[in-house]
Structures are given as structure tokens and as C-alpha cells.
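Everything on this sheet refers to the single structure shown next.
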Amino acid sequence: MARKQYENPQLDMTPMIDVVFELIIFFVVTIKQEDLFSKLNANRPAPNTSQSTKDENDTQIKIDIGPGGMVFNGRGVSIKELDRNIKQLSAVSKKSMVLVRCTLDSPHKFLVDALDTCYKHGMYNVSIFSM
């Protein structure tokens, strides 16, 4: 049977696309992270040593939580007093570091109250430690 002059043969691309996706999946699954990270050449930016950032980062607020209650910067406080103190300090700088240290036998409610108070006043730079 003779082919007509005006017919254009068409190539079906579906199998080729399937093979390409299978190869992509194969390479993604088999690559090791060590290989990937060893090929990346990323330079970290130099730390900012300006005086203004040092002053903000040097301010630390310490909240100790024990079975008897909360201690704010070395002084025992209730949740209302903690709220008032955090509100005053957040008005000065919201970037101050808040260190919350808990003992193993401290009630979980005190920790949640302290974290809620920090969040309420925009103090998001919080670290929690257990003693």
C-alpha cells in the first residue's frame, strides 16, 4: 500500500514522557544527601558586628519554673506580675531572648502560661530548657 503525499507521520510522545519521569524518580530516590551537599559551594554571610545588634541580643529575660511557681529574673512572680513585666520589656525590645527553664517536677500549666504571655506580647525569641 502506497503512502499518500499529504499524510504526515506523527510520533506519540506519551511513552517518552513516561520514561523521562521514571528516570527523574530513579535519580531522586538514589541520590545520597552527602553527594548533594558536598557539591554545593555556599558561603555564609559574615556576622553583623554592629553595636545595636549586640545590645539587643545581650538582653536576656530568665523565667524559672518550678513546683512552687515562677521566678522572673530571680524574683518570684504570679502570672499577672509576669504578664506586666513581659509587657514592659516588650515595649522596649521585642527581640530580647527569653530563657524559660523548667524543673522536672514543675506543673505544665506554668510553662504554658509563661509561653502564652510571651506570645501575647510579641516575644517570639524563646528558648526552653529543662533543669
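The hydrophobic cluster containing Ile128 also contains Leu82, counting ILVMFWY residues as joined when their side-chain heavy atoms lie under 4.5 angstrom apart, directly or transitively. Hydrophobic clustering (side-chain heavy atoms under 4.5 Å, transitive across Ile, Leu, Val, Met, Phe, Trp, Tyr) groups Val77 together with Val126. Grouping the Ile, Leu, Val, Met, Phe, Trp and Tyr side chains by contacts below 4.5 angstrom, directly or via other members, places Phe21 with Met13. Both Ile79 and Ile61 are members of a single hydrophobic cluster when ILVMFWY side chains are connected at heavy-atom separations under 4.5 Å.
Looking only at distances, a side-chain donor or acceptor of Thr30 sits under 3.5 Å from a matching main-chain atom of Phe26.
Going from atom NZ of Lys109 over to atom CG of Leu111 covers 11.5 Å, rounded to the nearest 0.5 Å. For the atom pair Lys120 NZ and Asp116 CG, the distance stands at 9.0 Å (nearest 0.5 Å). Annotation: the span from Thr117 atom OG1 to Ile63 atom CD1 amounts to 7.5 Å, rounded to 0.5 Å. To the nearest 0.5 Å, atoms OG (Ser96) and CG (Asn125) are separated by 8.5 Å. Here Asp113 contributes atom CG and Cys118 contributes atom SG; the two are 11.0 Å apart, rounded to the nearest 0.5 Å. In this structure, OG1 in Thr103 is found 8.5 Å from CD1 in Ile65, a value given to the nearest 0.5 Å.
Shortest non-hydrogen contact noted between Glu81 and Gly76 is OE1-O, 4.0 Å. Residues Ser127 and Met97 approach most closely at OG-SD, 3.7 Å, considering heavy atoms. Gly66 approaches Pro107 most closely through the heavy-atom pair O-CD, 3.5 Å. When every heavy atom of Met70 is checked against every heavy atom of Ala114, the shortest pair comes out as SD-CB, 4.2 Å.
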Let's go through Leu89 and Phe72 carefully: what are the C-alpha distance in whole Å and the side-chain angles of both, what is the deciding distance for side-chain contact (heavy atoms from CB on, under 4.5 Å) to 0.1 Å, and is it a yes or a no?
CA-CA 12 Å; Leu89 291 172; Phe72 177 77; 3.5 Å; yes
Pair Arg101, Ser130 - check side-chain contact (heavy atoms from CB on, under 4.5 Å), show working.
CA-CA 5 Å; Arg101 299 183 299 183; Ser130 59; over 6 Å; no
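Taking 4.5 Å as the limit, some side-chain heavy atom of Leu99 sits within range of a side-chain heavy atom of Phe129.
The environment of Lys62 atom NZ is sparse: at most 12 non-hydrogen atoms of other residues, nucleotides or ligands sit within 6.0 angstrom. Atom OH of Tyr124 is surrounded by more than 12 heavy atoms from other residues, nucleotides or ligands within 6.0 Å.
Checking Val20, Ile25, Val19 one by one against Leu23, the side chain to side chain contact (heavy atoms under 4.5 Å, CB included) holds for a single residue, Val19. In summary, of the residues considered (His121, Arg75, Lys80), a side chain to side chain contact (heavy atoms under 4.5 Å, CB included) with Asn85 occurs for Arg75 alone.
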